[in-house]
A.B. asks: 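So that we are looking at the same thing, I have put the structure below in structure tokens.
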Number of protein chains: 2
Amino acid sequence: MQHKPIHIIIVDDHPMVIEGLKTLLSDDKRVLIKNQFMNGTDTLTYLEHNSADIVLLDVNLPDINGVEMVPKILNIRANIGVIGLSTYSEPSIINQMIKKGVKGYLLKNVTGEELVNAITQVHQGDFYFGSEVQKILADSVTQESNDQPKLTRREKHILTLIAEGKTTNNIAEELFISPLTVETHRRNLMQKLEVPNAASLIKVAVEKHLI
Amino acid sequence: MQHKPIHIIIVDDHPMVIEGLKTLLSDDKRVLIKNQFMNGTDTLTYLEHNSADIVLLDVNLPDINGVEMVPKILNIRANIGVIGLSTYSEPSIINQMIKKGVKGYLLKNVTGEELVNAITQVHQGDFYFGSEVQKILADSVTQESNDQPKLTRREKHILTLIAEGKTTNNIAEELFISPLTVETHRRNLMQKLEVPNAASLIKVAVEKHLI
DNA sequence: TTTTCCCTACTGGTTTTCCTGTATATTGAT
DNA sequence: ATCAATATACAGGAAAACCAGTAGGGAAAA
């Protein structure tokens with residue numbers, strides 16, 4: 001019994017990755033690459049008028065952030081299975097993507113076999129996460145909550161100023177507020193990020209992409 | 001007049017990138033992919049016994065750092081043209097690679113055309129840097145010296161401990177040395193990285209990939 | 001062998017950060 | 001209109017960081 005092939009859209013701004021994906025999938029007759037795009041907007045306009053089963057979505061697109069792309073895609077066609085793709089394994093991003101509704105996530109060191117597994121499983125309505133991704137998620141659950149704490153606008157601003165090496169007084173002058181206020185913000189920042197001082201504040205801020 | 005094809009070695013730990021490169025190069029008869037490897041050590045042992053014209057070298061290998069790979073390759077066969085490949089455009093790394101002797105550098109968003117250009121040019125003994133890479137290099141020259149300052153082993157170690165939020169006393173205890181010594185190291189670090197305090201120290205350390 | 005670099009350590013002082021707790025005006029959302 | 005979140009501000013004190021300069025011993029390089 002022949003199934004009709006699973007229709008795939010590839011979204012990645014690297015020609016060589018697109019070619020690689022095509023090659024890895026070309027042997028398998030269960031899948032059919034229907035189209036490919038190198039940015040987010042083209043993908044979305046295409047999907048307005050055409051359907052697909054699976055979107056293989058690179059996280060680092062030139063125009064639209066991968067995390068933002070997911071809901072946009074699902075908004076247009078809720079029955080599409082989105083599989084995230086990225087080179088590096090950053091727990092916070094993976095977590096965000098899952099929250100936004102991806103059904104699968106793969107690192108770019110996948111083999112063709114894994115890729116096909118992911119696609120077929122997601123097409124059947126299941127989730128699929130590569131073994132490495134699973135390990136990362138497991139670590140991130142046990143070790144610490146990798147959610148981005150919500151920082152206010154002001155806090156983010158002050159955070160960047162701290163990172164620039166400015167002292168409380170410098171910052172206060174720059175923002176025309178009391179040094180005491182700046183101190184309060186700094187304290188709140190350290191509390192939110194659960195660190196004991198400014199140095200590690202900057203470190204986790206960078207890790208969590210807040211800077 | 002037919003030239004004999006340029007012999008290429010691909011080194012990248014992502015199967016899909018390898019496949020992509022192969023596809024992008026498969027049309028062109030001037031080049032011939034001789035072999036491919038997914039890590040540094042295999043590449044080096046292969047080159048001990050076999051030659052090649054060009055090595056396409058990914059910067060992020062699982063075992064050996066790309067920057068360290070270049071001299072190792074050139075040490076085995078000085079006449080090989082090494083072309084660096086990476087996803088992201090980090091001036092300091094590109095600079096380091098050039099110092100180590102790469103003849104070309106490309107971002108992974110290259111087109112097949114550019115790729116072939118790079119290979120043929122490098123094979124003729126010229127340099128080739130993608131347009132984006134050139135822009136990055138130009139910026140890095142004008143804006144600031146993106147060289148990594150030379151930190152000693154001890155300094156690097158202490159730097160990471162500072163980033164973890166440890167105080168001078170904590171670090172001193174951990175390393176069984178005087179807090180005063182740790183302070184000295186910290187001061188030297190700040191001086192070398194030209195920053196006024198620990199917070200910005202961590203920031204530039206992250207930027208310069210020292211952490 | 002001399003020189004240079006690295007790690008170590010100190011004095012003595014100033015500035016900044018960090019802690020704990022409190023409090024009010026403003027803004028935004030329900 | 002009211003409640004929650006945000007930005008603002010303060011006090012008082014302990015801890016840590018930062019500044020400037022100096023210096024010895026050991027290892028490695030010239």
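Sequence lines set the chain letters: A, B, ... in the order given, protein chains first and strands last, and positions in each chain run from 1.
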A.B. asks: Please classify the nucleic acid contact of A:Thr181 as base, sugar-phosphate, or nothing, using heavy-atom distances under 4.0 Å.
C.D. replies: base
A.B. asks: Would one find more than 12 heavy atoms of other residues, nucleotides or ligands at under 6.0 Å from atom NZ of A:Lys192?
C.D. replies: yes
A.B. asks: Calculate, to the nearest 0.5 Å, the distance between atoms CZ and CG belonging to B:Phe37 and B:Asp12 respectively.
C.D. replies: 13.5 Å
A.B. asks: Can you give me the closest heavy-atom contact between B:Ile80 and B:Leu74, atom names plus distance?
C.D. replies: O-CD2, 3.5 Å
A.B. asks: Ignoring hydrogens, what is the shortest heavy-atom contact between B:Arg30 and B:Thr120? Give both atom names and the distance.
C.D. replies: NH1-CG2, 4.1 Å
A.B. asks: A side-chain contact here means heavy atoms from C-beta on lying under 4.5 Å apart; do B:Leu175 and B:Leu161 qualify?
C.D. replies: yes
A.B. asks: What are the two closest non-hydrogen atoms of A:Ile162 and A:Ala198, and how far apart are they?
C.D. replies: CG2-CB, 4.2 Å
A.B. asks: Find the bend of the helix from C:dT1-D:dA30 to C:dT30-D:dA1 as the angle between its two terminal axes (five pairs each), to the nearest 10°.
C.D. replies: 70°
A.B. asks: Of the non-hydrogen atoms in B:Lys108 and B:His14, which two are nearest, and what is the gap between them?
C.D. replies: NZ-CD2, 4.2 Å
A.B. asks: Can you sort out which residues in residues 160-175 of chain A have a heavy atom within less than 4.0 Å of DNA chain D? Ascending by number, please.
C.D. replies: none
A.B. asks: Mapping B:Phe176 and A:Arg153 onto DNA chain C by nearest heavy atom, which one lands closer to the 5' end?
C.D. replies: B:Phe176
A.B. asks: Could you tell me the separation between the NZ atom of A:Lys192 and the C1' atom of D:dA7, rounded to a whole number of Å?
C.D. replies: 11 Å
A.B. asks: Is B:Ser178 close enough to C:dC10 that one of its side-chain N or O atoms is under 4.0 Å from OP1 or OP2 there?
C.D. replies: yes
A.B. asks: Any side-chain to backbone donor/acceptor pair from B:Thr43 onto B:Asn39? Under 3.5 Å, distance only.
C.D. replies: yes
A.B. asks: Do the side chains of A:Leu210 and A:Leu189 get nearer than 4.5 Å, heavy atoms only?
C.D. replies: no
A.B. asks: Would you mind checking if A:Glu207 and A:Lys203 are paired as a salt bridge, meaning a charged N to carboxylate O distance below 4.0 Å?
C.D. replies: yes
A.B. asks: Could you state the CG-P distance from B:Leu151 to C:dC6, rounded to the nearest angstrom?
C.D. replies: 10 Å
A.B. asks: Of the options C:dC10, D:dA9, C:dT8, whose atoms approach the side-chain atoms of A:Ile177 most closely?
C.D. replies: D:dA9
A.B. asks: A:Arg154 CZ to C:dG28 P: how many Å, rounded?
C.D. replies: 14 Å
A.B. asks: Whole angstrom is fine here: how far is it from CG in A:Leu180 over to P in D:dC10?
C.D. replies: 5 Å
A.B. asks: Can you tell me how far P of C:dC19 sits from CD of A:Glu194, to the nearest Å?
C.D. replies: 13 Å
A.B. asks: Taking everything shown except B:Glu194 itself, do over 12 heavy atoms lie less than 6.0 Å from its CD?
C.D. replies: no
A.B. asks: Starting from P on D:dT6, measure out to NE2 on A:His157 and report it in whole angstrom.
C.D. replies: 18 Å
A.B. asks: Can you tell me if B:Lys34 has over 12 outside heavy atoms packed within less than 6.0 Å of its NZ?
C.D. replies: yes
A.B. asks: Can you tell me how far P of D:dA17 sits from CD1 of B:Ile202, to the nearest Å?
C.D. replies: 12 Å
A.B. asks: In whole angstrom, give the distance that lies between atom NZ of B:Lys150 and atom P of C:dC5.
C.D. replies: 11 Å
A.B. asks: Under 4.0 Å between a side-chain N or O of B:Thr152 and OP1 or OP2 of C:dC5?
C.D. replies: no
A.B. asks: Grab the N/O contacts between the protein and nucleotides 18-21 of chain D below 3.5 Å, and write none if there aren't any.
C.D. replies:
from	atom 1	to	atom 2	distance (Å)
D:dC18	OP1	B:Ala198	N	2.8
D:dC18	OP2	B:Arg186	NH1	3.2
D:dA20	N7	B:Arg187	NH1	3.4
D:dA20	N6	B:Arg187	NH1	3.1
D:dG21	N7	B:Arg187	NH2	3.2
D:dG21	O6	B:Arg187	NH1	3.2
D:dG21	O6	B:Arg187	NH2	3.3

